[in-house]
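Take a look at the structure set out below.
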Amino acid sequence: ADAILCSAYKFFGPHIGIMAFDKKRFTALKPCKVGLRFASDGLLEEDVLDPGEVPTIENCEISRWEMGTLNYEGLAGFDACVDYFASLASDIQPTSDRGKAIDQSYIKI
């Protein structure tokens with residue numbers, strides 16, 4: 001899939017939207033917000049909201065990809081939800097391979 005989007009509450013998480021994407025396909029998308037700053041001569045000086053090719057830890061602190069203040073409580077709840085699912089795979093230590101633990105948990109469910 002090029003992108004997968006869902007609401008975390010559909011699997012016991014908080015009310016936040018999540019997305020996974022194919023980096024090659026995502027680079028063509030351009031967010032709608034702008035942060036252009038112009039010099040006194042009218043030429044473009046910088047774009048303080050430069051999105052880069054894709055959202056990353058480095059370019060999302062202040063970013064066009066976000067629609068406002070992050071829902072930190074929701075993100076913490078989502079992380080706890082993923083940890084809970086990983087913990088259901090009792091034969092795999094969630095800290096060693098979280099992805100594998102989640103796969104095994106869904107098989108058990």
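It should be emphasised that the depicted structure is a prediction, and the values quoted were computed from it without experimental measurement.
Contact detail for Ala101 and Ala89: the closest heavy-atom pair is O-CB, 3.3 Å. A pairwise comparison of heavy atoms in Pro14 and Ala8 identifies O-CB, 3.5 Å as the closest pair. Closest of all the heavy-atom pairs between Ser105 and Ala86 is OG-O, 3.7 Å.
Atom CG of Leu88 and atom NZ of Lys108 lie 8.0 Å apart (nearest 0.5 Å). Rounding to the nearest 0.5 Å gives a distance of 4.0 Å between CD1 of Ile18 and CZ of Phe78. Between atom OH of residue Tyr9 and atom NE2 of residue His15 there is a gap of 6.5 Å, rounded to the nearest 0.5 Å.
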Check your understanding: Does the ring pair (Phe, Tyr, Trp, His ring centres under 6.0 Å) test come out yes or no for Phe85 and Tyr106, once each step is laid out?
Key -> CA-CA 8 Å; Phe85 275 115; Tyr106 274 103; 5.2 Å; yes

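A salt bridge between Lys24 and Asp2 is absent, with no side-chain N of the basic residue lying under 4.0 Å from a carboxylate O of the acidic one.
A single hydrophobic cluster is not seen to contain both Ile102 and Ile4; linkage of ILVMFWY side chains at heavy-atom distances under 4.5 Å, directly or through other members, places them apart.
No donor-acceptor pair under 3.5 Å is formed between the side chain of Ser7 and the backbone N or O of Ile16.
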